[in-house]
Amino acid sequence: MDNWFDLYRGIVMPAQCDIYGHMNVRHYAACFDDAAWHFPRMAQLSLEEIRARGLGTVVATLSIDFYHEIRAGQLILVKGALTRVGTKSFSHEMRLYEADSMTHCATQRAVEVCFDTAARKAVPLPQDVRDKLGKCVAEDTGKIA
C-alpha cells in the first residue's frame, strides 16, 4: 500500500489487559496516539521545526473500530496513512495489527487541526507544510494490508 507507514511497534503487557484478558480500550488509544506523532516525520517535517513556528495540532474527531482482540505477550504493529489534507486540518487512518500474524485488530480514524500554541486557536496549515503532507496522502485507504 503506497504511502502507508510503519509508525509504532510494541508488545502488549499484562498490566494493559482487562478482566477479559485482552488489551483494554485505553491502551489501544495510547498506541495510536504514540504512533500519530510520527506522521510529520513521514512528510519530512520535524516536530522541533513545527514547535519553533509556534504550531501544533489538536484532535478534532477520532473514532476507533475494534475487529480482533489482542492479548498479553503479543507484538503490535501500527501502520498509518494520511487520507486528506485541507486548509486547516488533515485526516489520517491507522491500523493496529498483531505483528506475527498481521491480524488486523483495530482501526483509528482522526482529524487533526493546525493550532497556534500561543493564541490557542486553529490556524491555516502553512503552505509548505500542506505541500509536504499532501505528497504523503494515500491513494486508497479502503484496502486492508
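Bear in mind that the values here come from a model prediction, so they are computed numbers and not experimental data. We count residues from 1, following the sequence as given.
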If you measure from [atom1] on [X] to [atom2] on [Y], what distance do you get to the nearest 0.5 Å?
X	Y	atom1	atom2	answer
Gln108	Asp65	CD	CG	10.0 Å
Thr57	Phe115	OG1	CZ	10.0 Å
Ser89	Arg84	OG	CZ	3.5 Å
Glu112	Leu133	CD	CG	10.0 Å
Ile70	Thr103	CD1	OG1	8.5 Å
Leu55	Cys114	CG	SG	4.5 Å

For the hydrophobic clusters of this structure (ILVMFWY residues joined by side-chain heavy atoms under 4.5 Å, transitively), does one cluster hold both [X] and [Y]?
X	Y	result
Leu45	Trp37	no
Phe39	Val113	no
Val58	Leu47	no

Please set out all donor-acceptor pairs under 3.5 angstrom arising from side-chain atoms of residues 5-15, sequence neighbours excluded.
from: Asp6; atom 1: OD1; to: Lys79; atom 2: NZ; distance (Å): 2.9
from: Asp6; atom 1: OD2; to: Arg9; atom 2: NH2; distance (Å): 3.4

Parallel, tilted or perpendicular for Tyr97 and His104, by the 30°/60° rule?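 Aromatic pair Tyr97/His104 classed tilted.
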Looking at Asp18 and Arg26, is there a salt bridge between them, counting it only when a charged N and a carboxylate O are closer than 4.0 Å?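 So Arg26 does not pair with Asp18 through a salt bridge.
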So does Arg51 pair up with Glu49, basic N to acidic O under 4.0 Å?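 Glu49 and Arg51: not salt-bridged.
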Closest approach of [X] and [Y], non-hydrogen atoms and distance?
X	Y	result
Trp4	Ala138	NE1-CB, 3.8 Å
Phe32	Met94	O-CE, 3.3 Å
Met42	Cys136	O-SG, 3.4 Å
Leu96	Cys31	CD1-CB, 4.1 Å
Gly134	Val85	N-CG2, 3.8 Å
Arg71	Gly21	NH1-O, 3.1 Å

Any chance you could lay out the side chain to side chain donor-acceptor pair (under 3.5 Å) test for Glu98 and His68, step after step, and finish with the verdict? CA-CA 9 Å; Glu98 189 283 316; His68 193 274; over 6 Å; no
Within 6.0 angstrom of Gln127 CD, more than 12 heavy atoms from elsewhere: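 Atom CD in Gln127 is packed in, count exceeds 12.
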Sub-3.5 Å donor-acceptor pair from the side chain of [X] to the main-chain atoms of [Y], do we have one?
X	Y	answer
Asp116	Lys121	no
Asn24	His27	no
Thr117	Gly56	no

Within a strict 4.5 Å, meaning less than it, do heavy atoms of the [X] and [Y] side chains meet?
X	Y	answer
Ile64	Thr107	no
Thr61	Val59	no
Tyr67	Arg95	no
Glu69	Cys105	no
Val25	Phe66	yes
Asn3	Lys135	no

For side-chain contact (heavy atoms from CB on, under 4.5 Å), just list the numbers for Glu93 and Leu82, CA-CA rounded to whole Å, side-chain angles, deciding distance to a tenth of an Å, and then say yes or no. CA-CA 6 Å; Glu93 179 176 318; Leu82 295 170; over 6 Å; no
Apply side-chain contact (heavy atoms from CB on, under 4.5 Å) to the pair Lys88 and Val123, showing each step before the final yes or no. CA-CA 6 Å; Lys88 289 186 177 182; Val123 295; 5.9 Å; no
Given side-chain contact (heavy atoms from CB on, under 4.5 Å), test Val129 with Asp131 step by step and report yes or no. CA-CA 5 Å; Val129 171; Asp131 292 343; over 6 Å; no
